[in-house]
Structures are given as C-alpha cells and as structure tokens.
Amino acid sequence: MTLIVDSETVPAAATAPEFTVECSALTATTTTEAAAPQPGVTPTVLEDTPRPEPTSVLNAPSAVEATLEGDKEPQNPLTEKFTEAEWKALKEFRSTLPETFKEAFPEQDGAGSTPYNLWGVTISPLKPKDARVSVVLMKFLRARNLNPAEAKNMFISTLQWRKSFKVNEIMKEKFPEDIFGKLGITYGKDKDGHPIAYNLYGANKDLDAVFGDTQRFLRWRVAFMEESIALLDFETVDQMVQIHDYEGVSMSDRTQASKNAASEASSIFQGHYPEFLAKKFFVNVPSFLTWIFWIFKPFLSAATVAKMSVVGSGPKVIGTALLPLIPANQLPKRYGGEADGF
C-alpha cells in the first residue's frame, strides 16, 4: 500500500489492502460546479500591448518614485498572507524563470522568454510579477521548505512531465462512465470557499475494469486532478478539501494491478501537484484500516497531521466532524448535511 499525504509518501505494510490516499482531488466526469479544464504548459504568446504615451517632463515620476513603483508586488488575498521569508524565497525563485524554462524545454527556441499557461495561470518568464503567478510558484516553494533551488528542480520536473504525459490531450479524452463515473465527485464548498472532492473507493467493485489498464487509470486520475484545479481561482482559493469514503471497501480490494496503479499515481501526485490540500477526512473507514493511520502518524509532519481526520461511520458521526467546516446546504445528507448531493 502507498499512502500519499499532502506531498509525503509513506510505505505501508505489505499485508495491508492497496489503497491510494492522494493529495489529488478526484472529480467525476460529470462534475458538480466543474469549470472548463485548463490547459497544461502549452506555450501561449501574449498579445502586444500598445506603447504608453510619452510622459511630460513636469509629470514624470522621480527616480525614487519610479524605484518604489517598480518594487511594488501585485497582491491578492492569498499573496497578502505570504510571510517575509516566503517573499524573499519567491523573489529569488522568480529571478531564475528564464533559465528555468530554458532548462525545462532545451529543444524549444525562445523558451526563456515565451509565456506558458499552467493551471490556467499565464507565467511570463520575463515579466513574472503577477499575484496569481506568485501563488502558483509559492506552491513549489512550500513543498520544498522555501528552498528556491529545490523548488526550481521540482518546477522543471513538473513542466517536463506535463509535456511527456500529454496533459492537454488527456483533457480531451473520454473515459468510460460506467467504470470511472462514480469513483470521484466534486460537490459543494466549505465555509472558506474550498471546493470539496469526494473519493469513493468502494463505488466500483470491478477492480479489473478500473485498474486493468494502468495507463488509462492514470490518465483518468490526472484528468480528475486538472478538473479539480480548474475550480480554483488562485486569488482567494488555491486548495481543496478531500473526503475519502471507504464505504463498501473490503480486504479483498487488493490486486497486483491496483498496487501498480497506486504506486505510479503516488509518484505523479507527490511530484507534480504540490500544496493543493486544505483538509482531508477519512470517513466510513473499516476497523481493519483504521490502524494504518495510527501507524503512519509518527512519521508525518505536524502540519500534515493537522490537515487529516479519521472519522467514523454514519451520517450523524460524520456530520459532527464535517459540519463545523462545511455548511449544511453544501454537505450531502449521506454525510450528515442537508444537500441532496449525489
């Protein structure tokens, strides 16, 4: 078993059933409140902007004013929460972007000056001062403890993986609804506006159909993640809540194919989707799986453990844990809320 908990991989005992608890958020093909999927890292050329009218000498800013103006950082509600240490790391990381894109795409002419679109945010290597760009880059920095050099390596790896995995093409692929349609759903938002993703591990008992074609399963999982990210604006919200529902899961839900798929999915989401988790709940967890969390807890960081909660079974018990964070009209009745849900 491989447990992915907010960008941390934890090996499980070989005797445990194979489940993947990912930092990704599953979404269904028919996603509630889903936004159109965003492209990956396909280069996009920004339109030329007209030159400003010449400024008269009398109205021209002084050298000091111009310097202060140039030092201003575009802000949004998320960047306003950055610490001084985070801003320092971000500025260093940002200064390497031309070089970073050249290293990511060495075969592409002009890679160091061409704007790229990642998760719906245009990143211009030569003009990277943008609040939403700052939020995206900060994810890589936080995943690497504010080390700009390590964040750069992670960012390059992600750009290259997206190209080789053909994320843009995956977003156009149609996946069988009868196989994958009930495994992942996004529904509602929490009180802070985070979209909520439900991972329904027992929704399809035909494990061969789900995991038999490992590469198709991985493409589906990546598409789910991209669709989930499309619900984030990177201005007020850049993370999601995950609810992992184990209702119907049994000891027999473990095959070699599922183990292989879980291992590869773990690598993808750990390495290329940093810091997208706001809170994670495990609900309807069978007693034979509850011990897994307690075994791994000492190996997890305090910040990661703070995001995780193992909840019992039944609407009343689950609702007691979820309703303080999720409005009743946003939580399905099966989880103790008032919404019809899914």
Side-chain angles (χ1 to χ4, degrees), residues 4-6 19-38 119-120 171 174-205 210 217 220-249 265 269 273 275-285 307-342:
I4 297 185
V5 186
D6 195 22
F19 302 107
T20 303
V21 182
E22 303 165 356
C23 64
S24 65
L26 289 176
T27 61
T29 305
T30 55
T31 303
T32 305
E33 298 187 357
Q38 302 294 335
W119 300 322
M171 299 310 299
K174 301 297 183 181
F175 298 96
E177 181 71 15
D178 59 329
I179 296 176
F180 299 109
K182 295 181 180 180
L183 293 182
I185 298 172
T186 56
Y187 185 93
K189 297 180 179 179
D190 73 359
K191 294 179 180 179
D192 292 323
H194 299 115
I196 306 170
Y198 294 84
N199 304 331
L200 310 174
Y201 290 100
N204 190 340
K205 293 294 186 179
V210 175
F217 171 79
W220 170 76
R221 295 293 289 119
V222 167
F224 279 173
M225 185 58 171
E226 293 291 319
E227 290 172 1
S228 298
I229 292 174
L231 301 176
L232 308 175
D233 60 15
F234 295 98
E235 293 179 354
T236 60
V237 178
D238 69 332
Q239 293 182 317
M240 60 196 73
V241 172
Q242 296 176 14
I243 297 177
H244 295 260
D245 188 347
Y246 286 88
E247 184 177 8
V249 172
F269 292 112
Y273 292 93
E275 299 294 317
F276 279 103
L277 178 67
K279 185 72 175 178
K280 185 192 296 285
F281 294 93
F282 302 91
V283 304
N284 293 318
V285 180
K307 294 181 178 182
M308 300 169 55
S309 296
V310 178
V311 182
S313 301
K316 184 176 181 179
V317 173
I318 297 173
T320 299
L322 300 185
L323 286 172
L325 298 177
I326 303 172
N329 63 1
Q330 297 288 300
L331 186 66
K333 295 177 181 177
R334 63 193 289 181
Y335 300 112
E338 300 174 355
D340 290 334
F342 46 88

Do the non-hydrogen side-chain atoms of [X] and [Y] ever get within less than 4.5 Å of each other?
X	Y	answer
V237	P195	yes
N199	D245	no
Y187	Q330	no
T236	D192	no
I243	I196	yes
F281	L325	yes
V222	M225	no
L183	L200	no

How far does [atom1] of [X] sit from [atom2] of [Y], to the nearest 0.5 angstrom?
X	Y	atom1	atom2	value
K189	L231	NZ	CG	7.5 Å
S309	K280	OG	NZ	11.5 Å
I318	Y335	CD1	OH	7.0 Å
Q242	M308	CD	CE	10.5 Å

Shortest non-hydrogen separation from [X] to [Y] and the atoms involved:
X	Y	answer
D178	N204	O-ND2, 3.7 Å
M240	L232	CE-CD1, 4.0 Å
P324	G319	CD-O, 4.1 Å
S228	T186	OG-CG2, 4.0 Å
G314	N284	N-OD1, 3.4 Å
P327	K191	CD-CG, 3.6 Å

According to salt bridge (Lys or Arg N to Asp or Glu O under 4.0 Å), who are the partners of D190, at least two apart in sequence or on a separate chain?
none
Report the C-alpha distance between V210 and F217 in whole Å, list the side-chain angles of each, state the deciding distance to 0.1 Å, and finish with yes or no for side chain to side chain contact (heavy atoms under 4.5 Å, CB included).
CA-CA 7 Å; V210 175; F217 171 79; 4.0 Å; yes
Which residues pass the side-chain hydrogen bond (donor to acceptor under 3.5 Å, both in side chains) test with K333, sequence neighbours left out?
D340
Determine whether K182 and F342 satisfy the following criterion, side chain to side chain contact (heavy atoms under 4.5 Å, CB included), listing intermediate values before the conclusion.
CA-CA 9 Å; K182 295 181 180 180; F342 46 88; over 6 Å; no
Quick one: are the ring centres of H244 and Y201 less than 6.0 Å apart?
yes
Aromatic centroids of F276 and F269 separated by under 6.0 Å:
no
Under the side chain to side chain contact (heavy atoms under 4.5 Å, CB included) rule, what do Q239 and L277 come out as? Steps first, then yes or no, please.
CA-CA 5 Å; Q239 293 182 317; L277 178 67; 5.6 Å; no
Once the angle between the rings of F175 and F180 is folded into 0 to 90°, is it parallel (under 30°), tilted (30 to 60°) or perpendicular (over 60°)?
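If you compare the ring of F175 with that of F180, the planes turn out perpendicular.
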